[in-house]
Undergrad: 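Below you will find the structure I want to go over with you.
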Amino acid sequence: MRAHLARVDAVLVQAVIAAALSFAHIHDIALAAGQDGWKAWAYPISVDLLLVAAWRRLRTGPSKAMGWCWFVIALAASLGANVATAGLLDLDDVPAWLRILVAGWPAVAFLGGTLLVHSVPTLNETERLEDVPEPPTPEIPPAPVPAALIEHARKVAADHRTRTGQPIDTATLRARLGVPAPMADAIATHL
């Protein structure tokens, strides 16, 4: 157990370090591309959230292709920022194409997140769901009902008919007798 915790802790520490560094690199690129203040901090959050949404779709969603597509897009944004800040890019003189990519990123992230979270099943997925047969409903024999309870239920039902002019329904019978629904159904078959 302790060895497992040490392994998990090491992985968690590595993940936190990698996330912090990547977060800082994306922030630096956004800042260099003219997105200052809170906007520079929002960029790494949007990249990371898109990565998480794509990863979640890969693990639990019906469309793996969409998950992979958006995972690769978000990973490219993250990896691109990491590599660009490694000295390959003059952060004091950011090219216009990078400014355009940074300015367009919020729309891309919004589109990806929306498609990942709110996508409608495709026709093939719907057809597959319709082809799944309903599980058979097991026949449950009625619960044995004591004769005294049936006699009491008959009196309650007769009283109900006298007062309302209508036969007693199962819900009312259940409430008047204080029995569970399956027992009320079994009693109703005897009336």
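All values below come from the heavy atoms of this structure, side chains included, with hydrogens, waters and symmetry mates left out.
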Undergrad: Same cluster or not: W97 versus V108, using hydrophobic residues (I, L, V, M, F, W, Y) connected whenever any side-chain heavy atoms lie under 4.5 Å apart?
TA: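 W97 and V108: one cluster.
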Undergrad: To the nearest 0.5 angstrom, please state how far the CE atom of M183 sits from the OG1 atom of T170.
TA: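 Here the interatomic distance stands at 14.0 Å.
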Undergrad: Between R161 and Q166, is any pair of side-chain heavy atoms under 4.5 Å apart?
TA: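 They are not in side-chain contact.
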Undergrad: Please name the pair of heavy atoms, one in P95 and one in L89, separated by the smallest distance, quoted to 0.1 Å.
TA: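 Minimum heavy-atom contact is CD-CD1, 3.5 Å.
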Undergrad: Using the rule that Ile, Leu, Val, Met, Phe, Trp and Tyr join whenever any side-chain heavy atoms are under 4.5 Å apart, tell me whether V47 and L101 fall into a single cluster.
TA: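 They do share one cluster, since a chain of ILVMFWY contacts under 4.5 Å joins V47 to L101.
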Undergrad: With distance as the sole test, does T114 use its side chain to make a donor-acceptor pair with the main-chain N or O of F110 at under 3.5 Å?
TA: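 Checked: pair present.
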Undergrad: Is it true that a side-chain atom of H160 and a backbone atom of V156 form a donor plus acceptor pair closer than 3.5 Å?
TA: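 Side chain of H160 to backbone of V156, a donor-acceptor pair under 3.5 Å: no, none is there.
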Undergrad: Let me confirm one number: the CZ-CG distance from F23 to N82, rounded to the nearest 0.5 Å.
TA: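 Between F23 CZ and N82 CG, I get 12.5 Å after rounding to 0.5 Å.
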Undergrad: Determine, stepwise, if the pair I73 / W105 fulfils side chain to side chain contact (heavy atoms under 4.5 Å, CB included).
TA: CA-CA 10 Å; I73 289 170; W105 176 257; 4.0 Å; yes
Undergrad: Can a side-chain donor-acceptor contact be found between D169 and T172 if the only test is distance below 3.5 angstrom?
TA: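 Judged by distance alone, the side chains do pair up.
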Undergrad: Within the 4.5 Å heavy-atom criterion, are L31 and W41 side-chain neighbours or not?
TA: no
Undergrad: Determine whether V179 and I150 fall in the same hydrophobic cluster, where Ile, Leu, Val, Met, Phe, Trp and Tyr are linked whenever their side-chain heavy atoms lie under 4.5 Å apart.
TA: yes
Undergrad: Step by step, would you call I26 with T85 a side chain to side chain contact (heavy atoms under 4.5 Å, CB included)?
TA: CA-CA 9 Å; I26 297 169; T85 57; over 6 Å; no
Undergrad: Mark yes or no for whether S78, through its side chain, and A74, through its backbone, hold a donor-acceptor pair below 3.5 Å.
TA: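 No, the answer is negative, given that no donor and acceptor are paired below the 3.5 Å cut-off.
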Undergrad: Can you tell me if S46 uses its side chain to pair, donor with acceptor, with the backbone of Y43 under 3.5 Å?
TA: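 Yes, the answer is positive, given that a donor and an acceptor are paired below the 3.5 Å cut-off.
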Undergrad: Any heavy-atom pair between the side chains of D93 and D90 that's under 4.5 Å?
TA: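 With C-beta onward as the side chain, the pair touches.
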Undergrad: Can you tell me how far CG of L79 sits from OG of S22, rounded to the nearest 0.5 angstrom?
TA: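 Between atom OG of S22 and atom CG of L79 there are 8.5 Å.
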Undergrad: Could you go through R174 and D185, starting from their C-alpha distance and side-chain angles, then the distance that decides it, and tell me whether this counts as salt bridge (Lys or Arg N to Asp or Glu O under 4.0 Å)?
TA: CA-CA 8 Å; R174 176 178 180 239; D185 290 338; over 6 Å; no
Undergrad: Please report the interatomic distance CG(L115) to CZ(R57), rounded to the nearest 0.5 Å.
TA: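 Reported value, rounded in 0.5 Å steps: 8.5 Å.
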Undergrad: Locate the shortest heavy-atom distance separating V94 from A32; write the atom from each residue and the value.
TA: CG2-O, 3.3 Å
Undergrad: Taking T189 for its side chain and A186 for its backbone only, find out whether a donor-acceptor pair lies under 3.5 Å.
TA: yes
Undergrad: Excluding sequence neighbours, so at least two apart, what forms side-chain contact (heavy atoms from CB on, under 4.5 Å) with A153?
TA: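 Scan of A153 (side-chain contact (heavy atoms from CB on, under 4.5 Å), adjacent residues dropped) gives L173, L177, I187, L191.
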Undergrad: For the CZ atom on R154, are there more than 12 heavy atoms of other groups (residues, nucleotides or ligands in this structure) within a distance under 6.0 Å?
TA: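 Yes, CZ of R154 has more than 12 neighbouring heavy atoms, counting only those of other groups under 6.0 Å.
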Undergrad: For R163 and D159, run salt bridge (Lys or Arg N to Asp or Glu O under 4.0 Å): C-alpha distance rounded to whole Å, both residues' side-chain angles, the deciding distance at 0.1 Å, then the answer.
TA: CA-CA 6 Å; R163 285 187 297 110; D159 178 58; 3.2 Å; yes
Undergrad: Walk me through whether W55 and L50 qualify under side chain to side chain contact (heavy atoms under 4.5 Å, CB included).
TA: CA-CA 8 Å; W55 180 250; L50 187 58; over 6 Å; no
Undergrad: For a quick test of reading the model, state the closest non-hydrogen atom pair linking A84 to I29 and the distance between them.
TA: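 Taking every non-hydrogen atom into account, CB-CD1, 3.7 Å.
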Undergrad: Decide whether L75 and W68 are clustered together by the hydrophobic rule: side chain heavy atoms of Ile, Leu, Val, Met, Phe, Trp, Tyr closer than 4.5 Å, transitively.
TA: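 Both belong to a single hydrophobic cluster.
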Undergrad: On a heavy-atom basis, which atom in P44 and which in A40 lie closest, and how many Å separate them?
TA: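 Shortest heavy-atom contact: CD-O, 3.1 Å.
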Undergrad: Mind checking the CD-NE2 spacing from Q35 to H27? Nearest 0.5 Å is all I need.
TA: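 It comes to 11.0 Å.
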Undergrad: In terms of hydrophobic clusters joined by side-chain contacts under 4.5 Å, are L116 and L111 together?
TA: yes
